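Below is one structure; the comments refer to it alone.
Since we're looking at a predicted model, the values are computed, not measured. Side chains are part of it too, since the values below use all heavy atoms of this structure and drop only hydrogens, waters and symmetry mates. Order of the sequence lines sets the chain letters (A, B, ...), proteins ahead of strands, with each chain counted from 1.
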Number of protein chains: 2
Amino acid sequence: MTNLTIRQLRYFEALASHGHFGRAAEACSVTQPALSVQIKELEEELGTKLFERGARQVRLTGFGEEFALRVQDILRRVDELGDLARASTEKMVGRLRLGVIPTIAPYLLPRIIANLGHSHHGLDVHIRETLTPRLVQELSEGRLDAAIVALPVSEPAFTEVAIFTEKMVLVRSDADAGKPVPNKEELREMRLLLLEEGHCFRDQALSFCNIPSSLPQEGLDGSSLSTLVQMVGAGIGVTLIPEMAVPVETRSASVCVGHFKNPQPTRTVGMVWRKTNPLADHLHQIAAVVRQSTDELRADEGV
Amino acid sequence: MTNLTIRQLRYFEALASHGHFGRAAEACSVTQPALSVQIKELEEELGTKLFERGARQVRLTGFGEEFALRVQDILRRVDELGDLARASTEKMVGRLRLGVIPTIAPYLLPRIIANLGHSHHGLDVHIRETLTPRLVQELSEGRLDAAIVALPVSEPAFTEVAIFTEKMVLVRSDADAGKPVPNKEELREMRLLLLEEGHCFRDQALSFCNIPSSLPQEGLDGSSLSTLVQMVGAGIGVTLIPEMAVPVETRSASVCVGHFKNPQPTRTVGMVWRKTNPLADHLHQIAAVVRQSTDELRADEGV
DNA sequence: CTTCACGATAACTTTTTCTAATGACAAATC
DNA sequence: GATTTGTCATTAGAAAAAGTTATCGTGAAG
């Protein structure tokens, strides 16, 4: 293993360009003997002379010239490390592995990715879409940097930040359009279509109706909100979906949307990451971009 | 100006690959606190965390990953510097700027270059063919590394090594083939064709005939041995050429070669370089290759 | 032949880096 | 749920590295 120092390489570069120990030392803000010694040690370490010391001038040897080319390249790259670090203190750089639950991903991700492309140009965004428990595990194991999920996650090892709260709305057949929106007791008597086991949104819906999630449901479980809405459109039952999903999912189905009131079911979506992650500042920034994305989405569609 | 050290980068690399301070430190043959401190200082200097210290594992941050890629590249290049130096202590590497006088270049260079290609593969050989005074000047100024010239050069700042001594032979018209070889007094009465002023070979020929080189010559001066021989072939006079040139120059001319004896004119060819050049060992090696080249040339053609 | 410019060297000081010992804290174990 | 264990951070003092000032030696220039 070589034992060269960057300092030696910097002195070398200075001497190579100045051709004069005194001036090179000055350029490095050290005294001439300090530079002389470092150059000498560099040469000793390499086992080769880098400079030819004439009485009136200092010149690179043939090997020195070859060496100088490489050293310049190396020093440039080392300086780039500093630049890179400086850039990274302002915003996240490199790779961001972001987990998103399935009841958020399809509606929010396109906008998030587009916005990150603007605010964090060059950031390498990896998306992992799966259920909350798996996201939590992968986050714990360091295979994700952050996740967008429904709060609370209640992992003591995680930081949670809320991003937005949205209503959960009732989706029923067009045929029911005129009818009053059922309250939650009435809802319990209807055929409620739900997502498969594991989706937090399923639990939230059940919770709203005061049905224990352990209780087996008689209804058919859907693997996506889209499926549920299509089933509702076919007159099979009713379902709950997050408001965010309304524009996309109800566009091409003969269903109508009803808003509950008193109580109004909601879910809070937020971002979580490991408390130990030192890039917390950057992750807060990312969370802000996510928040902005949802705001835009609402402005575009909600009105 | 950044103040990173290669040591820090090596520790960083070790920690990144081991994911464990203790084992990384062991790999670097230092104690764990030493490595901890260096990593800490590296992070402080960069103003960014590189690692996420979990209770049970140490992981790179997103920025750390980006950083690691560059650091690996840099360290590899630094190690190459050592390799390069090691390789160069055994033989010359990089660039060799070699001056050669015109009465040697055409005969010896092809072989020298071919042989250097074998013994010093990858060496970037630059040839400068010009007269001795200019070679001496360029060598002094550091624009050449060495020169192949007729000795002595008698520059106190130069090291001279003799490479070979060769005869100077008489070239005369085919018509004179049977005649006895003139001695130097007789030669002085003949029409002796010479190279232009400045060629050391001209001076050597004049010197052999005891003619002061300052004396204006009545004959036509040729710009190359080749020209001289062609003129001899045309019956204009006689000339002297170095033995080395015989095979090439007399092949396609109706001339014959005569050897003087008692005294036999010779010239000694050698290599010179600045005494201050620290690559003397390597230049001796180069000289050896030149010597070998002349030996081969003689073996091929002389017999 | 003296002076000058310039790099090398020496003696000593300051700074950096190391080791050894210990602390703090979370995870694993009993 | 107290204890042990594994792991990184911190501290104090020792060792090593790098810097400074002063001085020497040498070849070039006046």
Exercise for review: Please list all pairs passing the salt bridge (charged side-chain N to carboxylate O under 4.0 Å, His left out) test where one or both residues lie in residues 270-291 of chain A, with sequence neighbours left out.
Suggested key: R274(A)-E52(B)
Review point. Which dot-bracket string describes DNA chain C (Watson-Crick N1-N3 plus N6-O4 or O6-N4, or G-U N1-O2 and O6-N3, all under 3.5 Å; [ ] crossing; | other strand)?
Key: ||||||||||||||||||||||||||||||
Check your understanding: F63(B): what forms a ring pair (Phe, Tyr, Trp, His ring centres under 6.0 Å) with it, not counting sequence neighbours?
Key -> F67(B)
I'd like a list of close polar pairs between nucleotides 11-14 of chain C and the protein, N/O only, cut-off under 3.5 Å.
none

Exercise for review: Not counting sequence neighbours, list each pair that qualifies as a side chain to side chain donor-acceptor pair (under 3.5 Å) and has a residue in residues 90-99 of chain B.
Suggested key: E65(A)-R95(B), R97(B)-D145(B)
**Study point:** Pair R70(A) + D73(A), salt bridge at N-O below 4.0 Å
**Key:** no
Point to revise | chain B contact limits on DNA chain D, taken 5' to 3' with a cut-off of 4.0 angstrom to heavy atoms | key: dG6(D) to dT10(D)
For residues 39-47 of chain B, run the donor-acceptor check on the side chains, cut-off 3.5 Å, and write out each pair with its distance to 0.1 Å, sequence neighbours left out.
unit_1 : atom_1 : unit_2 : atom_2 : d
E43(B) : OE1    : R53(B) : NH1    : 3.1
E43(B) : OE1    : R53(B) : NH2    : 3.1
E43(B) : OE2    : L50(B) : N      : 2.8
E43(B) : OE2    : F51(B) : N      : 3.1
E43(B) : OE2    : R53(B) : NH1    : 2.8

Less than 3.5 Å apart, which donor and acceptor atoms pair up between the side chains of residues 18-30 of chain A and the rest of the protein, not counting sequence neighbours?
unit_1 : atom_1 : unit_2 : atom_2 : d
H18(A) : ND1    : A14(A) : O      : 3.0
H20(A) : ND1    : G22(A) : N      : 3.1
H20(A) : ND1    : R23(A) : N      : 3.0

Study note, to complete from the structure: Sorted by chain and number, sequence neighbours left out, salt bridge (Lys or Arg N to Asp or Glu O under 4.0 Å) with R134(A) holds for none
Can you tabulate the close N/O pairs, meaning under 3.5 Å, that link protein atoms to atoms of nucleotides 25-30 of chain C?
none

Review point. Which of residues 24-31 of chain A have a heavy atom under 4.0 Å from DNA chain D?
Key: V30(A), T31(A)
Exercise for review: Give, ordered by number, those residues of residues 35-54 of chain A having at least one heavy-atom distance below 4.0 Å to an atom of DNA chain C; if nothing qualifies, reply none.
Suggested key: S36(A), K40(A), R53(A)
Review point. Between R7(B) and dT16(C), does any side-chain N or O lie under 4.0 Å from OP1 or OP2?
Key: no
Practice item. With the side chain counted from C-beta on, respond yes when F12(A) and L60(A) share a heavy-atom pair under 4.5 Å apart, and no when they do not. Key: yes
